[in-house]
Each structure stands twice: as C-alpha cells, then as structure tokens.
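As the structure lists them, so they are numbered: ligands from 1, and atoms in each ligand from 1.
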Amino acid sequence: MAQSGVVSEYRRLNRANWDDRAPLHAASADYALDRFRNERDFLSEVVRFDLPKLGDIRGLRGVHLQCHIGTDTMSLTRLGAEMTGLDFSPASLAQARKLAEETGTAIEFVESDVYVAVEVLGARQFDLVFTGIGALCWLPDVKRWAETVAGLLRPGGRLFLREGHPMLWAIDEERLDALTLGYPYFENAEPMVFQERTTYVSADRALSETTTHQWNHGVGQIIGAVLNTGMILTDFTEHDSVPWNALPGRMIHGDDDEWRLLEHADRLPLSYTLQARMP
Ligand SMILES: C[S@@+](CC[C@H](N)C(=O)[O-])C[C@H]1O[C@@H](n2cnc3c(N)ncnc32)[C@H](O)[C@@H]1O
C-alpha cells in the first residue's frame with residue numbers, strides 16, 4: 001500500500017474497480033448465485049449470521065446501502081422485507097437485477113452514490129437501513145454517512161450495520177508472524193491507496209482496474225457519528241469472526257461460514273454489529 005494525497009478521484013477509481021469485480025463475484029462460488037437460483041429459501045451467509053439480531057423483518061420497508069450484486073438484499077427480501085438496493089456501480093447493479101429477474105424477486109435497484117441517497121430516493125422514508133461487510137471503508141467521511149442513514153429513516157426506523165472492525169482494517173495482512181498495526185485506525189482526510197490485481201473471491205482473471213482509495217473509521221468515530229444525528233444506539237456487539245478470509249494464512253473457516261483467527265482469537269475483534277434507531 002502507498003499513502004497518497006489524491007482524494008478527488010476516489011469515486012471514479014473505486015467505481016471502476018467495483019465494475020471490474022462485479023462479474024467475477026457473480027461467477028464465484030463464494031457469492032453462491034446458483035444456490036439463490038435453485039433454492040427458494042437460500043440466504044447469504046452474511047444474513048444468516050445476522051438473523052438472530054435482525055429478528056422478524058416481515059413487512060418492513062428497507063434500503064440496503066452499497067448492495068453490490070444484491071445477494072444480501074435478496075436475502076432480506078426472502079425474509080419478508082420490501083427492499084430497495086442502492087449502489088454506485090452499474091455493473092454490480094446489472095448482476096443484481098439479473099439475479100432478481102431470474103428468481104422472480106421484486107427488488108428495486110437504484111444507482112447512486114451513498115452520500116446523495118436521500119436526494120435520489122426522494123421523500124421516501126424507510127423502516128430499515130441495512131448495510132455493511134466492506135461498505136464503510138469506501139467512504140471518506142463517516143459523519144456524512146450517518147447523516148445519510150438518518151435522512152433515510154422514518155421516526156422509529158432502524159439502522160442495522162455489521163462491518164469489518166476498524167482494528168482488523170488496521171492490521172498489516174502481510175506480516176504473518178504477528179498481529180501488527182500497518183494502517184491507520186482513525187479516519188484520515190487522506191485515503192489509503194491500494195493497488196491490487198485480485199479480489200477477495202477466487203476468480204479466473206486478474207482485475208484491470210486495480211487502484212482503490214479507502215478509509216478506516218475508529219469505533220468512537222462511527223458511534224459518535226451515529227449519536228450525532230440524534231439516533232439512539234440500541235446495540236454494539238463485537239465479534240471474533242468475519243465473513244471473508246481477511247487475514248490469509250492466519251484464519252480458519254468455520255461451520256457457520258465465518259472466518260476466525262487460527263490462534264489467539266480472543267485478541268482481536270474482527271467485525272461488529274451496530275444497531276440504532278431514530279427517536
Ligand atoms: C463489499 S461490497 C458491500 C456489499 C456486501 N457486503 C457484499 O459483499 O455484497 C461494497 C459495495 O460498495 C459499493 N460502493 C463503494 N463506494 C460507494 C459509494 N460511494 N456509493 C455507493 N456505493 C458504493 C461498491 O460498488 C460495492 O458494490
């Protein structure tokens with residue numbers, strides 16, 4: 001990774017990277033699109049993990065921010081919510097719409113940057129904003145994200161976020177001998193600039209759009225941003241697992257499809273669930 005002062009191009013670079021990844025993800029076993037097509041009650045492993053905390057979402061009007069190829073969005077629909085998925089990557093949304101069509105599922109997919117979701121979705125207010133698992137790291141300003149969430153929720157509406165933990169994002173994944181901090185923990189104005197030819201699923205070709213700009217946000221900054229909007233925090237739980245192989249060579253895949261540290265799993269939180277509601 002290299003640090004850089006260039007912030008202005010993050011949207012163009014990141015969108016090109018996600019457009020490049022989308023068909024690879026749709027074709028990968030990890031996203032299990034065939035199971036969605038062939039098993040009417042199949043849920044993504046992310047949503048399966050979230051289920052105990054999500055509870056009964058039947059009849060809720062929900063929006064999934066940064067929905068990617070729509071597998072979590074579809075899972076929430078299968079649980080009975082009426083979902084809208086929002087993402088800025090047209091290639092991701094093309095895959096999401098195709099899957100919805102193939103499975104006869106009614107989901108609205110909207111192309112938009114997260115930060116303008118309130119304007120784009122108009123006066124609609126939602127019972128549920130769902131997001132996470134590699135979403136916040138693409139956004140430079142967590143306060144602006146929280147204000148967007150608050151602007152989308154009706155009074156009494158709920159935010160459900162499960163995300164990679166900022167302590168995990170700060171670990172140097174290349175140092176296999178020890179858990180070493182290699183990246184910022186706190187949100188910086190400057191992005192972290194990465195050049196990577198691979199994505200987090202196995203794929204039959206390398207990426208051609210290799211540059212991404214990402215940001216970390218500390219726990220206090222995330223919770224503070226949520227509280228600053230007037231939302232009430234109802235749950236903050238740290239987990240010893242994540243749904244992807246975040247530290248290759250040091251993780252073990254469990255029966256619940258989550259990845260945990262092979263050694264000293266009690267030393268590092270890997271993901272968290274944050275829930276909040278509008279008063
Ligand atoms: C890892 S996916 C998160 C979704 C989900 N965890 C999954 O794996 O399907 C990240 C998504 O965020 C989207 N994204 C990144 N920056 C965005 C932005 N500024 N506005 C809207 N979507 C954005 C990308 O296009 C991508 O689809």
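- Between Phe186 and His217, the gap from one ring centroid to the other reaches at least 6.0 Å.
- Taking 4.0 Å as the cut-off, Pro243 does not count as a neighbour of ligand 1 on heavy-atom distance.
- For the pair His64 and ligand 1, the shortest N or O to N or O distance does not fall below 3.5 Å.
- With no hydrogens or angles considered, a side-chain donor-acceptor pair links Asp19 and Ser89 at under 3.5 Å.
- Polar contact with ligand 1: absent for Thr71 (N/O pair, distance under 3.5 Å).
- In this structure, Ser271 contributes its side chain and Val242 its backbone to no donor-acceptor pair below 3.5 Å.
- Any N or O atom pair closer than 3.5 Å counts here, and Trp138 shares no such pair with ligand 1.
- Ligand-side atoms of ligand 1 in range of Gly134: 1 (C), 2 (S), 3 (C), 10 (C), range being under 4.0 angstrom from any heavy atom.
- Remark: ligand 1 and Trp18 share no N or O pair separated by less than 3.5 Å (distance only, no angle test).
- Aromatic ring centres of Tyr183 and Phe194: separated by under 6.0 Å.
- Contact check on Asp240 versus Arg260 returns a salt bridge, with a Lys/Arg side-chain nitrogen under 4.0 Å from an Asp/Glu carboxylate oxygen.
- For ligand 1, one of its N or O atoms has an N or O atom of Val114 under 3.5 Å away.
- No N or O atom of Leu139 sits closer than 3.5 Å to an N or O atom of ligand 1.
- Ligand 1 has Tyr31 within reach: a non-hydrogen atom of the residue lies less than 4.0 Å from it.
- An N or O contact shorter than 3.5 Å is missing between Ala135 and ligand 1 by distance.
- Ring orientation note: the planes of Tyr31 and His25 are close to parallel, at an angle under 30° on the 30°/60° scale.
- Residues Asp50 and Lys53 are not paired through a salt bridge, judged by the lack of any N-O separation under 4.0 Å between the basic side chain and the carboxylate.
- Not a single heavy atom of Ile69 sits closer than 4.0 Å to an atom of ligand 1.
- Under the 4.0 Å criterion applied to side-chain N and carboxylate O atoms, Arg205 and Asp20 are assigned as salt-bridge partners.
- By the 3.5 Å distance cut-off applied to N or O atoms, Gln66 is counted among the residues near ligand 1.
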